[in-house]
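Single-structure report; data block below.
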Amino acid sequence: MRERRELLVFVATVLVVGALVASDVASGYVPARVPATATRAAAELPRPARVRRPSEAAAVAPGPSVDRRDRGLFEPPRELLPMDPLAYPDPPLPRLPVRVPVVTPAPLVAAARDDRLPAAALGRLSLTGEDAPDVEERAGGYGFGGASPSGAGGNPSEVAAPRATGAARDDEPAAAPEDLYDWIVRASATRRHFGRILVDDPHGLADRPGEDVRFQDVSLRTGSTIGTPYVVPREDVLEFGLARTFANGYRAASRELGTGSGSVRGRMDLARELLAAADREPRALEFADEEATRALEAGRTDPAAARLLARVRALRHDPEGELSVYRRAVDEGWADDALLCDYGRFALRLGLVERAEALLAEARRLRPVSAEVRTLAGLLHLERGRPEEAVAAFRAADQVPHEPPFEEAARTELALLT
């Protein structure tokens, strides 16, 4: 009973206080009437007269005037301008067709794969039907000298597999993991681990049985690396092999050729095979440059190796490198008419006709009846505007043999020039 009375007293007190506060707030406002703002009608402003040019005034027939300002709110009053730009016609400019160049993107090479492009077999490249007989004749096939894909400890059956099966066709994609990645089999496992062998010279790993193998695993599904590189002791390595790619095949074949003067012809043949594959492999010209440089280092006075290196650098669009080969031959006093004629053709491409004629005269003193000398003489006749003398020189050059290493290509070019 006591609690109910206290509650009623509390509610009554709150109501009284609220009524007093509302009365005080209401007493602060006084109702009043505020008159509306006085308005008046806007004065009618006269519009300015429209200005026209004499020629426009004569061309426009009299009639009801049309005010252009009624077209839009923000359009400027063009009748106030001394001349109306919209009245002029479009200028008679010529319309010329524009040719848009079409750029074909090059094949994308994933940098994560260490430039190891897929190929059908290690050390094997396929040729088109028209090029195959020529390469088979001069280089014994397109086999890079019979390079082996596996190192020491590899399975002998897998080493001989690429030799027996030969090269795959270009339209057959290489989907096997062995075509993309290196592999290794450890003693603690029965399956292959695919990835990359991270050593300084993976192709010489078979000759270093005491060296451990540093390996990086790669996911076969995404091609990305898995974890960090790790070292496998050599005694724990059961089998291993390198990826069957174009680059690995070239490096293995180059290693098997050895060093010294006896490797010059083999390296030149390998460089020519790389040139034949330059239209299908992005790095073939780079490898051909390396191989031709090694051939010239092995045979320091071989003019055929120098001509090969100069031709490779010309195909790589490296005029400084090509010129360095010719200058070395001149500085060392090489007496070779074919190399001097190549130097003259290089000068002729640069527009140095007098320099080319001086080199031709020097080559004629060495051998006046060579095919290279007569071809350069015909080119100079063409440059001077004497086509009859040029045709006679080309036909005379076809009667004598050409110097290595580009005999067939030289005959084809001579036929086209004639």
(message) Let's go through Thr375 and Arg345 carefully: what are the C-alpha distance in whole Å and the side-chain angles of both, what is the deciding distance for side-chain contact (heavy atoms from CB on, under 4.5 Å) to 0.1 Å, and is it a yes or a no?
(response) CA-CA 10 Å; Thr375 303; Arg345 297 183 66 169; 4.1 Å; yes
(message) Under the criterion side-chain contact (heavy atoms from CB on, under 4.5 Å), I'd like the reasoning laid out for Arg384 against Val353: C-alpha separation, chi angles, the key distance, then a yes or no.
(response) CA-CA 9 Å; Arg384 296 299 188 185; Val353 182; 3.3 Å; yes
(request) Please step through side-chain contact (heavy atoms from CB on, under 4.5 Å) for the pair Arg234 and Leu205, ending with a clear verdict. (result) CA-CA 11 Å; Arg234 191 55 178 263; Leu205 194 59; 3.9 Å; yes
(message) One pair to check against side-chain contact (heavy atoms from CB on, under 4.5 Å): Asp217 and Thr225. What are the steps and the verdict?
(response) CA-CA 6 Å; Asp217 285 322; Thr225 58; over 6 Å; no
(message) Pair Glu322, Arg349 - check salt bridge (charged side-chain N to carboxylate O under 4.0 Å, His left out), show working.
(response) CA-CA 12 Å; Glu322 184 181 2; Arg349 291 200 308 268; 3.1 Å; yes
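Without hydrogens or angle criteria, Asp182 side chain to Ile197 main chain gives a donor-acceptor distance under 3.5 Å. A side-chain donor-acceptor contact under 3.5 Å links Asn248 to the backbone of Ala243. Judged purely by atom type and a 3.5 angstrom limit, Arg192 has no side-chain atom pairing as donor or acceptor with the backbone of Ile184. A donor-acceptor pair is defined here as one N or O able to donate and one able to accept, closer than 3.5 Å; such a pair exists between the side chain of Ser263 and the backbone of Gly260. No side-chain donor-acceptor contact under 3.5 Å links Asp212 to the backbone of Val231.
Ion pairing of Arg328 with Glu332 is present here, as a side-chain N (NZ or NE/NH1/NH2) and a carboxylate O approach within less than 4.0 Å. Salt-bridge annotation for Glu357 and Arg364: absent, with no side-chain N of the basic residue lying under 4.0 Å from a carboxylate O of the acidic one. Electrostatic pairing of Glu403 and Arg367 counts as a salt bridge here, judged by a charged N lying under 4.0 Å from a carboxylate O. Comment: Asp289 does not engage Arg294 in a salt bridge, judged by the lack of any side-chain N to carboxylate O separation of less than 4.0 angstrom. Ion pairing of Asp342 with Arg307 is present here, as a side-chain N (NZ or NE/NH1/NH2) and a carboxylate O approach within less than 4.0 Å. Taking a cutoff of 4.0 Å between a charged side-chain nitrogen and a carboxylate oxygen, Glu239 and Arg186 do not qualify as a salt bridge.
Arg267 and Ser254 are linked by a side-chain donor-acceptor pair at a separation below 3.5 angstrom, with hydrogens and angles left out of the test. A donor-acceptor pair shorter than 3.5 Å cannot be found between the side chains of Gln216 and Tyr230.
Note that Arg283 lies outside the cation-pi zone of Phe246, set by a 6.0 Å cut-off to the ring centre and a 45° limit from the axis.
Between Tyr343 and Tyr326, the ring center distance clears the sub-6.0 Å criterion.
Closest non-hydrogen pair, Ala363 versus Val373, comes out as CB-CG2, 4.0 Å. Considering all non-hydrogen atoms of both residues, Arg374 and Ala393 come closest at O-CB, 3.6 Å. Across every non-hydrogen atom of Gly378 and Ala390, the tightest pair is O-CB, 3.4 Å. Contact record, Ala288 with Leu274: N-CD1, 3.5 Å, taken as the closest heavy-atom pair. Across Ala371 and Pro401, no two heavy atoms sit closer than the pair CB-O, 3.7 Å. Nearest heavy-atom pair, Ala347 versus Arg355, reported as atom, atom and distance to 0.1 Å: CB-CG, 4.0 Å.
Note that CZ of Phe287 is 9.0 Å distant from CD of Glu281, once rounded to the nearest 0.5 Å. To the nearest 0.5 Å, atom CD of residue Glu290 and atom CG of residue Leu309 are 11.5 Å apart. Between Glu372 atom CD and His402 atom NE2 the span is 6.5 Å, to the nearest 0.5 Å. Distance check, rounded to the nearest 0.5 Å: SG of Cys341 to CG of Leu359 gives 8.5 Å. Note that the CG atom of Leu380 and the CG atom of Leu348 stand 5.5 Å from one another [nearest 0.5 Å]. With rounding to the nearest 0.5 Å, the separation of CZ in Phe394 from CD in Glu413 is 8.5 Å.
Taking the side chain as every heavy atom from C-beta outward, Trp183 and Leu242 never approach each other to under 4.5 Å. Using a 4.5 Å cut-off on side-chain heavy atoms (C-beta onward), His193 and Val218 make no contact. By the 4.5 Å heavy-atom criterion applied to side chains, Pro319 and Phe346 are counted as neighbours. Annotation: side chain of Val264 is not in contact with side chain of Glu297 (no heavy-atom distance under 4.5 Å). Side chains of Leu340 and Trp334 form no contact here, defined as non-hydrogen atoms less than 4.5 Å apart. Side chains of Asp398 and Thr418 form no contact here, defined as non-hydrogen atoms less than 4.5 Å apart. At least one side-chain heavy atom of Leu308 sits under 4.5 Å from a side-chain heavy atom of Leu275. At a threshold of 4.5 Å between non-hydrogen side-chain atoms, the residues Leu379 and Leu417 count as touching.
Within 6.0 Å of the CZ atom in Arg395, the count of heavy atoms belonging to other residues, nucleotides or ligands does not exceed 12. For Arg255, the CZ atom is densely surrounded, since the number of other residues' heavy atoms within 6.0 Å is greater than 12. Taking a 6.0 Å sphere around CZ of Arg265, one finds it holds 12 or fewer heavy atoms contributed by other residues, nucleotides or ligands.
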